[in-house]
Amino acid sequence: DTDQRRNTPTAMQQVMDDLRWLGIEWDEGPETGGPHGPYLQSQRKDIYDRYIKQLLNEKKAYYCFDTSQELDTMREQAEGQKGNLTYLRPERFADENDARKAREQGRPVTVRFAIPQNEPIVVQDVIRGRIVFAAADIGDFIIQKSDGFPTYNFACVVDDHLMNVTHVIRGQEHLNNTPGQQALWRALFADTPLPAYAHMSVTVSDTGGKLSKRERPKALRVVIEERIGLSDSVNATVTPEALTLSAKLHPPQVVTEQELAKQANLTVEEVRSFQKGESVPDMPVIDAMARYLGVALPEINIVDFSRSGYLPETMVNFLALLGWNPGDNREIMAVDELVKAFDLSRLTKSNSLFDRQKLLAFNTEHIRMVSPETLLRHFKRYLSAVESPMASADDELLSTVIRLCEGARTLAQIEQKSKFLFIDNDRIEYDEKDVKKVLLKSDGLAILGIVRDRLAAMNELTAQAIEDMLRGLAQERQVGLGKVAQPLRVALCGTTISLPIFDSVRMLGKANTLRRIDDTLKRFATQNQT
RNA sequence: GGCCCCAUCGUCUAGGCAGGUCCAGGACACCGGGUUUUCAACCCGGCAACAGGGGUUCGAAUCCCCUUGGGGCUACCA
């Protein structure tokens, strides 16, 4: 948290929540504590200051007073000519006095590291082997910002040393930072050996480029554009994902700009500014808008996957296999199995694409694989996270529901299939297409009427009795079971997707079942004639 | 533009360092069939790749070079 502007307390909390959800605990760090604290970089300023002073004294670093405008100009010029900006080191290093004067004049004061220019810097990467960088390409980078905080590239070197870090394992996007960090390490801690560096491949999105948080607001813009159309600047860059999303939109309820702003706790102006691409609100605000619009944004953050009904076991397994494999044909693995098999030497060099379909397949397997107790625990957590009406149900009922959903791909599917049990009889939402297909076509309503009477005549609604009745009716009428079961299903659930029908009726109970059938018959009888 | 990384089925990958056992194996997706009260799940079968060009070698997916392509970085962000 060395960036005072960008740092938010919720972001750090989210990282820790995510790790804990995944089942990854840290031995040492924020909240857990340990012998090398404090663990927040913002609380270690005096430590960094000491080392910066040391470099300054040894003439291994120097003060700079350039404004960002001046730096921009230099950069432009460098680009115009041939290559990159490498900061031109002054002949004479400014001293403490100069720094004081500059501060008095209101100029920004930063500190740059004078990177040794005599020889190339060799990074020995665990995954990629030997990589050579010319010192001239790196240049004197800033180690202390004008607000007095260290830059990431400086702070992490000091921390790695002070915290006895043995392995630095991170994404490939940090590979270019490594020579600078190594040079810093040598200047500061010459006598101690470097940690081992391993730069992993980057996981890219199927929409191209790094898997980035920006995809969510981008997708949301497209949806807002579609539903409200209050933008004049949404153009070309419509992601394929956003398009599939908009196709999944529920039949139009009325959506207004005012209500959208209200739901997100923004002003209409702020919504417009977001829509024009001028600003991007925080993730919870984005989520609130998406919820109001009834769409699922592409999952990017760990918490997004948890809210979409993926299991932590799935995520750990799937993520582990992106850029690593155990060397045999195993793919679906439990966490302890992964831990046992893991080996730094088997990390992959090339980038990988994040394939949500395969993730789904993994989730299906893990839902099948985890113990019923674990699954129940995950399911309850999921229900409360998405504020489902099922969240208050007791364990026994939830366990039954889970059992009946064998083969489900996500927790969301289990919820979707069994939600009808927890909705008031008069709050059933009928899916228009399903109603047309099952009730209004051929003799769906007529059959539903017969089913109603036979159910009413039964004294005991066991799954078996219901099955016998429905099968008997199908046989009498010389039709498949679907012809008699589907109208019943839509009457009870409003859709054709639900728990197995015999159990659905049993669990809903006779009174509710009859009531829903009657409501359905009444509601669609007139439509059928017109 | 500059610097760096990478390159096997549509996708994730095994094999590459120790060249022959690879007319390239597995998984997801896809296609065909089966099962089925919905959605799934499940079962059987199928399609599908060594980016291109030069070398080295008796022999190259495997070693070397070039080209092409993809990615990353290029901040007083991390």
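Just so we're on the same page: letters track the sequence lines, and every chain starts at 1.
Applying the 4.0 Å criterion to OP1 and OP2 of B:A14, one finds that A:N329 has every side-chain N and O outside that range. Contact annotation: A:K145 reaches the phosphate of B:A78 (side-chain N/O to OP1 or OP2, under 4.0 Å). Note on A:R75: a side-chain N or O is less than 4.0 Å away from OP1 or OP2 of B:A75. Taking only side-chain nitrogens and oxygens, A:R346 never comes nearer than 4.0 Å to OP1 or OP2 of B:G16. Residue A:R128 places no side-chain N or O under 4.0 Å from the OP1 or OP2 atom of B:C4.
Checking B:C12, B:C5, B:C73 against every side-chain atom of A:E173, the shortest atom distance belongs to B:C73.
When only modelled atom types and interatomic distance are considered, A:T151 and A:N153 share no side-chain donor-acceptor pair under 3.5 Å.
Pairing each heavy atom of A:L347 with each of A:I127, the nearest pair is CD1-CD1, 3.4 Å.
Between A:Y152 and A:H174, the two ring planes are tilted [angle within 30° to 60°].
Nucleotides B:A61 and B:A78, compared at atom C1', are 39 Å apart to the nearest Å. Only the P atoms considered, B:C43 is 16 Å distant from B:G26, to the nearest whole Å. For the C1' atom pair drawn from B:U11 and B:C58, the interatomic distance equals 38 Å after rounding to whole Å.
With a 3.5 Å ceiling on both atom-pair distances, the Watson-Crick or G-U wobble partner of B:U68 is B:A7. When both distances must be under 3.5 Å, the Watson-Crick or G-U wobble mate of B:U56 does not exist.
With hydrogens and angles left out, the side chain of A:K417 and the base of B:C39 share a donor-acceptor pair within 3.5 Å.
Annotation: proximity of residues 471-494 of chain A to RNA chain B (heavy atom, distance under 4.0 Å) is found for A:R471, A:L481, A:G482, A:Q486, A:R489, numbered in ascending order.
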